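In what follows, chains are A, B, ... by sequence order, proteins preceding strands, each numbered from 1. As the structure is a prediction and not an experimental result, all values here were calculated from the model. Hydrogens, waters and symmetry mates play no part in the numbers below; they use all other heavy atoms, side chains included.
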Protein chains: 2
Amino acid sequence: MKTGARILVIDDEKSIRRFMDASLTAKGYTVLPAKTAAEGLKVAAEEHPDVILLDLNLPDKDGLAVLKGIRDFSAVPVIILTVKSSDADKELLLDSGADDYLTKPFSLTELLARIRVALRHSVNLREDVAFRHGPLEIDFSTRKVLVGGEEVHLTATEFNLLKALVSHAGKVITQTQLLSEVWGPHAVEQSHYLRIYVSQLRRKLESKSPELQGFIITDPGVGYRARV
Amino acid sequence: MKTGARILVIDDEKSIRRFMDASLTAKGYTVLPAKTAAEGLKVAAEEHPDVILLDLNLPDKDGLAVLKGIRDFSAVPVIILTVKSSDADKELLLDSGADDYLTKPFSLTELLARIRVALRHSVNLREDVAFRHGPLEIDFSTRKVLVGGEEVHLTATEFNLLKALVSHAGKVITQTQLLSEVWGPHAVEQSHYLRIYVSQLRRKLESKSPELQGFIITDPGVGYRARV
DNA sequence: CCGCTTTTTTACGGTTTCTTTACGCTTACT
DNA sequence: AGTAAGCGTAAAGAAACCGTAAAAAAGCGG
């Protein structure tokens with residue numbers, strides 16, 4: 001769903017950058033590393049990352065200055081990482097525009113959860129198009145589907161099926177899985193539902209844009225998948 | 001920046017509520033206290049606070065359920081306060097829609113700073129004071145509705161429903177969301193209210209201007225949305 | 001305490017959506 | 001090539017959902 005968010009990691013310690021890179025990449029994020037305050041600011045301005053992790057102890061400039069520099073041109077969520085933990089420090093940083101503050105040592109689990117919160121915020125501020133493929137745009141929160149900018153009306157069941165397909169986009173989803181996700185576990189035998197609704201979905205999507213021909217692929221005897 | 005923000009404090013311990021009330025009132029906030037999960041949900045739905053402080057150890061319901069209940073109808077920032085601190089707990093809460101997580105004992109300074117961060121987020125999402133679409137004009141501060149320059153009298157419930165619809169204009173709002181927002185979380189099953197009041201709204205608006213036909217769109221099985 | 005407004009309850013006809021049924025087509029295997 | 005299993009599509013029937021009116025109950029101001 002929120003695949004491949006881009007995370008800028010500003011930290012002078014090589015070991016931390018490598019740890020972050022490994023941990024975050026494993027979760028499907030793209031990591032932009034920066035060794036110094038100056039480099040961090042530059043990357044932030046040029047690459048427009050989705051979240052910034054900022055270490056406070058930088059050699060060339062202190063973290064507060066970096067934070068303020070970023071805030072001059074962007075509202076991107078910034079999470080502060082530091083060993084310091086005095087209340088006054090936290091207060092100052094948070095009031096200067098930081099979105100969160102983690103004191104080392106922190107657990108990776110918590111960091112990842114905090115990143116997801118930060119991403120939620122930045123997604124809310126954007127057009128929250130959660131899925132996009134060619135002319136097809138799907139907003140899961142508002143259940144709106146656009147093809148080539150034009151709205152396509154889908155019934156509740158049609159939308160649920162499309163959602164199930166694209167939220168595992170690229171991977172085959174078995175008929176059993178689809179039936180149980182969309183109609184409920186009692187309907188796992190009713191494979192004809194799938195044939196009917198897949199057919200309707202294809203008709204509605206392809207009539208708006210021929211590009212979407214072949215978007216929903218049948219895997220005979222197994223299930224269906226949406227092309228990525 | 002935004003003085004007098006309204007903060008809902010959900011905590012069963014009287015001493016904590018009094019401490020929060022004193023501390024936050026001194027900073028110029030308005031405190032809405034709630035002793036139980038049920039009361040908290042009710043106040044959240046009716047008063048639309050700017051931030052919610054939620055204690056996890058409630059007698060009638062666990063905090064996670066309250067958080068999910070709130071998320072059914074609102075994106076208001078929720079800060080979790082708790083003595084628990086396992087990573088798994090934090091992860092679950094943050095992924096369920098919490099915006100921040102403070103482990104007791106925490107300093108008042110830090111809490112206040114975290115509240116300011118939360119308010120910064122909600123300010124960004126704050127809704128406009130007026131709405132306009134074709135011949136329809138709505139002034140949220142005076143609760144007045146004009147169609148083609150002429151005032152249309154709406155009852156309190158009718159106005160609240162219209163407000164809920166247009167403040168997410170263009171997006172589908174589920175029946176559950178609408179019912180919790182307008183009638184309160186206890187009414188999420190009463191979908192017939194929606195049918196009745198949507199019908200009344202349409203009659204009042206469309207009788208003044210035929211242009212408004214099709215302004216409120218039904219999504220069968222899902223909810224309603226106002227055209228933008 | 002009474003009358004007015006608003007909300008809630010009750011009822012029913014109409015529409016949309018879901019489910020069932022049916023049939024032709026393709027694919028793979030004997 | 002024949003056949004059986006699986007898939008795609010159309011169309012009818014059933015069920016769920018929606019819109020509207022009107023009556024009963026509750027709330028409010030005088």
Side-chain angles (χ1 to χ4, degrees), chain A residues 143 145 151-165 172-207 212-226, chain B residues 42 45-46 143-145 151-165 172-207 212-226:
Chain A
R143 305 179 67 92
V145 176
E151 183 164 359
V152 177
H153 173 76
L154 297 185
T155 71
T157 307
E158 287 165 358
F159 182 86
N160 292 339
L161 175 61
L162 179 60
K163 179 179 173 180
L165 284 169
V172 180
I173 321 171
T174 65
Q175 303 193 1
T176 307
Q177 266 180 293
L178 282 170
L179 287 164
S180 123
E181 227 170 286
V182 177
W183 282 269
H186 59 277
V188 290
E189 312 274 302
Q190 317 282 301
S191 62
H192 55 281
Y193 286 2
L194 283 176
R195 293 201 289 278
I196 293 163
Y197 275 87
V198 166
S199 165
Q200 283 173 197
L201 262 182
R202 281 175 178 153
R203 179 151 39 90
K204 286 191 178 183
L205 298 180
E206 292 172 5
S207 72
L212 290 176
Q213 279 186 12
F215 173 61
I216 300 175
I217 300 166
T218 307
D219 250 89
V222 186
Y224 295 85
R225 69 178 206 271
Chain B
K42 186 162 164 283
E46 288 172 359
R143 302 178 68 87
K144 270 199 178 144
V145 176
E151 182 165 358
V152 178
H153 173 74
L154 297 185
T155 72
T157 307
E158 287 163 359
F159 182 85
N160 292 340
L161 176 60
L162 180 59
K163 180 180 173 179
L165 285 169
V172 179
I173 320 171
T174 64
Q175 304 192 4
T176 306
Q177 270 179 297
L178 283 170
L179 288 164
S180 331
E181 222 169 293
V182 178
W183 281 270
H186 59 276
V188 291
E189 312 271 300
Q190 317 283 300
S191 62
H192 55 279
Y193 286 2
L194 284 176
R195 294 202 289 277
I196 293 162
Y197 274 86
V198 165
S199 167
Q200 285 173 196
L201 262 181
R202 280 175 177 152
R203 178 149 40 88
K204 286 191 178 183
L205 298 180
E206 292 173 5
S207 71
L212 290 176
Q213 277 186 14
F215 174 62
I216 300 175
I217 299 166
T218 308
D219 248 272
V222 185
Y224 294 85
R225 69 181 207 272

(request) Sequence neighbours left out, what passes side-chain hydrogen bond (donor to acceptor under 3.5 Å, both in side chains) with B:Q175? Give chain and number order. (result)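 B:Q175 satisfies side-chain hydrogen bond (donor to acceptor under 3.5 Å, both in side chains) with no other residue.
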(request) State, to the nearest 10°, the angle formed by the axis through the first five base pairs of the helix from C:dC1-D:dG30 to C:dT30-D:dA1 and the axis through its last five. (result) 30°
Ignoring backbone atoms, establish whether [X] has a side-chain N or O less than 4.0 Å from OP1 or OP2 of [N].
X	N	answer
A:Y197	D:dT9	no
B:Q200	D:dG19	no
B:S199	D:dT20	yes
B:R203	D:dG19	no

Quick one: pull up [atom1] in [X] and [atom2] in [Y] and give me the separation to the nearest 0.5 Å.
X	Y	atom1	atom2	answer
A:E181	A:K163	CD	NZ	9.0 Å
B:Y197	B:L165	OH	CG	14.0 Å
A:R143	A:F159	CZ	CZ	5.0 Å
B:Q200	B:E158	CD	CD	5.0 Å
B:I173	B:L179	CD1	CG	11.0 Å
B:L178	B:S180	CG	OG	8.5 Å

Atom-pair distance ([atom1] on [X]; [atom2] on [N]), nearest Å:
X	N	atom1	atom2	value
B:Y193	D:dG19	OH	P	17 Å
B:N160	C:dT8	CG	P	11 Å
B:K204	C:dT5	NZ	P	12 Å
A:L179	D:dG6	CG	P	14 Å

Any idea which of [options] is nearest the [X] side chain?
X	options	result
B:Q175	C:dC18, C:dT6, D:dC18	D:dC18
A:I196	D:dA10, C:dT6, C:dC18	D:dA10
A:R195	D:dG19, D:dG8, C:dC18	D:dG8

Please tabulate, for side-chain N and O atoms in residues 216-224 of chain B, each donor-acceptor pair with protein atoms closer than 3.5 Å (sequence neighbours left out).
unit_1	atom_1	unit_2	atom_2	d
B:T218	OG1	B:R202	NH2	2.8
B:D219	OD2	B:R225	NH1	3.2

(request) Pick base, sugar-phosphate or nothing for B:L194, based on heavy-atom distances below 4.0 Å to the nucleic acid. (result)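 If one applies the 4.0 Å heavy-atom cut-off, B:L194 turns out to touch nothing in the nucleic acid.
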(request) Scan residues 213-225 of chain A against DNA chain C and write down, sorted by residue number, each residue with any heavy atom closer than 4.0 Å; if none is found, say none. (result) none
(request) Would you jot down, in residue-number order, the residues of residues 181-191 of chain A having a non-hydrogen atom under 4.0 Å from DNA chain C? (result)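 Within residues 181-191 of chain A, the residues near DNA chain C are A:W183, A:Q190.
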(request) Flag yes if more than 12 heavy atoms outside B:K204 fall under 6.0 Å of its NZ atom; otherwise flag no. (result)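 Correct, the count exceeds 12.
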(request) Using heavy atoms to find the nearest nucleotide of DNA chain C for B:E158 and B:H192 separately, return the residue whose nucleotide is more 5′. (result)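 So the residue in question is B:E158.
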(message) For B:L205 versus B:L162, what's the shortest heavy-atom pair and its separation?
(response)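 Distance-wise, the nearest heavy atoms are CD1-CD1, 4.4 Å.
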Distance-only criterion, 3.5 Å: show the donor-acceptor pairs between side-chain atoms of residues 182-196 of chain B and protein atoms not counting sequence neighbours.
none

